[in-house]
Amino acid sequence: MTYHGLYSRYRKFLDIPAYSQEITLLEGNTPLIPMPRLAHQMGGGFDLWVKFEGMNPTGSFKDRGMTIAIGEALGRGARAVICASTGNTAASAAAYAARAGLRAIVLIPQGKVAAGKLAGAAAYGAQVIQIDGSFDDALAMVVQITQRHPIALVNSLNPYRLEGQKTAAFEICDALGSAPDWLCLPVGNAGNITAYWMGFRQYDQIHKTGLPHLLGVQAAGAAPLVIGRPVEHPETLATAIRIGRPARGEQALQAAEESSGRMIAVSDDEILAMQRALAQEGVWVEPASAAGLAGLAAEIRAGRLNVRGKRVAAVCTGHGLKDPEIITRAFPAPRLLPAKLDALEELLLSE
Ligand SMILES: *Cc1c(COP(=O)(O)O)cnc(C)c1O
């Protein structure tokens, strides 16, 4: 069966207006990759899959939300869309706005956006504006500007973003035949965990697919939902989740609780170690994307999570290509050799 995008595949499960337009780049339908070796490294005895959302058209799960949010904005007669972004939302909004023929404006926190994301937003033709402040400052600004001007807000405060993003839960259930026992994922502005919970609940009502426990994972330096209050100056190398005041924080906590799951934090070192472990399985993700699995590993190691005999799915939210510097910075420049075979042989034999 030819794939026409998630609007087409899941239209009947989406709570969107009849005037919504189909604006698609064939997002969704991402691979659910078995990770037996990684599960073994974490102690074994359970099944582990990675939902690799980096395989979406602009390299992150944001495309699932954007296809629906931009299609709604276009159908409503909007001429321009705006978002605050740590990077991936910007690139995604820019691409889908371009596809829809809409103007895109994106606000990013100064100097804290990974190169591949900034380049994406620019390449797709968005007007990119840096704010001398945090993501949270930028979000407050775009919310206010959309109250005063006819510009559509496409951050995950926009309910249609969640309508699109919940389809990832449908896909996991479709692939496994039912919901996994645990779902682990990174949490930043908390729209995605909220959307997954919506999706799992809806599919369970229709198809009796069951419900997972949710393990939401924040970065230790940006963990408002773990410490129970906003973080004024969030800090983490995982820039996609460098958020101190999550817009959907209440709903995320509720989802974690309703699912008998939990919200935890991991250090940047744990995140980078998991990024490396995933790359050794051939899956290169950006740092934030490794947080969910880093949290799973930490919980198992600490004896707080017994996954024996269970099925665990982890969402890897964005592609490693988005943030190449985090890797290249840590490696010396590649060795330079004369273009001579004996030089190559000598080097290879010496190592
Ligand atoms: C947006 C994003 C997140 C966080 O998702 P929220 O819905 O803001 O919680 C995590 N990882 C990546 C790669 C992202 O782009």
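In this text the structure is predicted, and so the values were computed from the model without any measurement. Note: hydrogens, waters and symmetry copies are ignored here, and every other heavy atom, side chains too, is used. We count ligands from 1, going down the list as the structure has it; atoms in each ligand are counted the same way.
At a heavy-atom cutoff of 4.0 Å, ligand 1 is contacted by the side chain of K62 but not by its backbone. In N189, the parts holding a heavy atom less than 4.0 Å from any atom of ligand 1 are both the side chain and the backbone. Contacts with ligand 1 closer than 4.0 Å are made by side-chain heavy atoms of I241 only, the backbone lying farther away. In A190, the part holding a heavy atom less than 4.0 Å from any atom of ligand 1 is the backbone. Contacts between E286 and ligand 1 below 4.0 angstrom, taking non-hydrogen atoms only, involve the side chain exclusively.
For ligand 1 and V187, the ligand atoms under 4.0 Å from any heavy atom of the residue are 9 (O). Residue G318 has at least one heavy-atom neighbour below 4.0 Å for each of these atoms of ligand 1: 13 (C). For ligand 1, the atoms closer than 4.0 angstrom to any heavy atom of S289 are 13 (C). Close contacts between ligand 1 and G191 involve ligand atoms 6 (P), 7 (O), 9 (O) [criterion: under 4.0 Å to a heavy atom].
Atom CD of E250 has 12 or fewer heavy atoms from other residues, nucleotides or ligands within 6.0 Å. For Q41, the CD atom sits in a packed shell: over 12 heavy atoms of surrounding residues, nucleotides or ligands are nearer than 6.0 Å. Enclosure of atom CZ in R335 is not indicated, since only 12 or fewer non-hydrogen atoms of other residues, nucleotides or ligands lie within 6.0 angstrom.
Side-chain contact check for R242 and T86: no donor-acceptor pair (N or O, by modelled atom type) lies under 3.5 Å. With 3.5 Å as the limit, one finds no donor-acceptor pair spanning the side chains of R245 and S134. A donor-acceptor pair shorter than 3.5 Å can be found between the side chains of Q165 and N192.
Between R9 and F170, every side-chain heavy-atom pair lies at or beyond the 4.5 Å cut-off.
For the pair G188 and ligand 1, the shortest N or O to N or O distance falls below 3.5 Å. The shortest N or O to N or O distance between T317 and ligand 1 is under 3.5 Å.
Nearest protein heavy-atom contact of atom 5 (O) of ligand 1 is F61 CZ, 3.4 Å. Nearest protein heavy-atom contact of atom 7 (O) of ligand 1 is N192 N, 2.8 Å.
Although no hydrogens or angles enter the test, the distance criterion places a donor-acceptor pair under 3.5 Å between the side chain of S20 and the main chain of P17.
Only one option out of K62, E53, E286 pairs with N88 in a side-chain hydrogen bond (donor to acceptor under 3.5 Å, both in side chains); it is E286.
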